[in-house]
Amino acid sequence: MLRTNTCGELTIKNVSEVVTLCGWVQRTRELGAMTFVDLRDRYGITQLVFNVDSNPALFEEAKKLGREFVVKASGKVAERSSKNLKMPTGEIEILIEKIEILNGSLTPPFTIENETDGGEELRMKYRYLDLRRNIVREGLELRHRLALETRNYLDKQKFLEVETPVLIKSTPEGARDFVVPSRMNQGQFYALPQSPQTFKQLLMVAGFDRYYQIVKCFRDEDLRADRQPEFSQIDCEMSFVERADILSMFEGLTKHLFKTVKGIDIPALPHMTYADAAKYYGNDKPDTRFEMKFVELKSPLEGGVRRTGDVDIVSGKGFKVFDDAQLVVGVCAKGGGEYTRKQLDELTEFVKRPQVGATGLVYVRYNSDGTLKSSVDKFYNEEELKKWAAAFNAQPGDLMLVLAGETNKTRKALSELRLEMGTRLGLRDKNKFSCLWVVDFPLLEWNEEINRWSAMHHPFTSPLNEDMLLFESDPGKVRANAYDMVINGVEIGGGSIRIHNKELQQKMFECLGFTPKEAQEQFGFLMNAFEYGAPPHGGIALGFDRLCSLFGGSDSIRDFIAFPKNNSGRDVMIDAPSAIDQNQLKELGISI
Ligand code: ASP
């Protein structure tokens, strides 16, 4: 080893030891007869001291050290006169007797500090320098820890980690495939896996019983802060299980991770049906760190019929917007009653943004003196508004915000408004965690573009037994034996009990608009396997990058990926994707 110690471990206990450290020059400070150098490595920072009186030549040498030079320095550990108790090594310094520059460095294009002056694009171009920053390194350390604890837990539960291929045939997960041309089979392409879905099912047919893999998946879709074209999943599958078994196994994993990595005990995960998530949160991944549930003032009719529990306390007062709406629904922001006109205008602007999509916002302020003031006073008198307040369970000092319109659109818009209010009222604390299972998703969703049913999860998901009969008569009503794990409004994972019988799988493909020939061509391998003793099975995949960002308290998964891509899917450091050579194209039989 070139060093005896790291830059993070020497303390007052090591005083008088002679040590050799290696690392990068964080900064140098010249103070008269002394030069101080902060030497940094992965483990921390240690102060080196050069004294003109004890060694003038070395003192001169130290002046040559620039930022990010790599050096090897030897000397004696000494107690500092002015201590820095914020740093683990802050009580000591090294009186340098020998220094060797192992490599110089150009001046880095941004400061290697937690609060850096480098913009995102520049930092990504020089990601190897960005990775030297503590905060970025810590993100990857967290990732390592989560991966390790995942493996520990699953290993104890007898899961085998099995690698599956990367050059495969399309596995539909609802995104576009990345494809790779084959030189040996010209005109043919591999697809990169959107997930190892079919392989893990085949491993169950093979009798592996409990499989997992921390695996790269590839999806060609528009990118956001929590999406990358290649990302990692904790991918799992189990045989001879029912939904409850899978939920408890992975609830166990989640608890284990929170406990071992964050020292937090999380309570049992509640189950919420998809229908309730839509009705009370307008969202299949509700942020349950705070209540603010939706309250309907006018419930949507189903098939023109009012069901028990449905309400309408707003129609027939001459307010056309509400009279014409399928749904009138709102939230009560506790303590929002002090909102000024300006703040309310901001909220109206917010809901009208195209991403949110509402046409307007109705508010009712419950003043602290008990009076009510609304933006629809023309149509609803105090007595009417009192009924609203009762429905909202509002108290003086609260603010009720109401949207109206077509059911799904209105729910979606109110969901955005609820989250916005949650943020404004400081209810979305990054250090608080609220986990739940969302269950009983619809099996199918109508795809307007292609005028057909699409699988809401994927085509291998089993319908709920009790809904099997609806498959022929009313496919839209069939619920899936599928589940999502949601934490703090983020979909952390999802999975399902699978179809394990050929006929049902065929029926599913048929329902999704595949001809028998197409189904056989694309998924014959799976349906054939089902004829050789496929066990009942099911599984789940957790988004590993998202889990890291949740644990790390960041909104961006990029902070937890060593070499991420930007929003256009580019790696600006290695400059990929890029054009390829004419000869390569020729070999592949491709012309552009
Ligand atoms: N393959 C699914 C996904 O990537 C997860 C699963 O059903 O196990 O979302």
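Both counts, for ligands and for their atoms, begin at 1 and track the order of listing.
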Looking at atom 5 (C) of ligand 1, what's its closest protein heavy atom, distance included?
Gly494 O, 3.4 Å
Could you tell me the residue and atom name of the protein heavy atom closest to atom 9 (O) of ligand 1, and the distance to it rounded to 0.1 Å?
Glu173 OE1, 3.7 Å
Quick one: does Gln194 get a heavy atom under 4.0 Å from ligand 1?
no
Report yes or no: does a heavy atom of Gln201 sit under 4.0 Å from some atom of ligand 1?
no
Are any of the N or O atoms of Glu237 closer than 3.5 Å to those of ligand 1?
no
Quick check: His458 and ligand 1, any N/O pair under 3.5 Å apart?
yes
Numbering the atoms of ligand 1 from 1, which are under 4.0 Å from a heavy atom of [X]?
X      : result
Ala541 : 5 (C), 8 (O)
Lys200 : 6 (C), 8 (O)
Ile540 : 8 (O)
Arg498 : 6 (C), 7 (O), 8 (O)

Yes or no on side-chain hydrogen bond (donor to acceptor under 3.5 Å, both in side chains) for Asn134 and Arg137, after CA distance, side-chain angles and deciding distance?
CA-CA 5 Å; Asn134 275 336; Arg137 194 200 60 246; 2.9 Å; yes
Separation between CG (Asp559) and CG (Asp545), nearest 0.5 Å, reads 11.5 Å
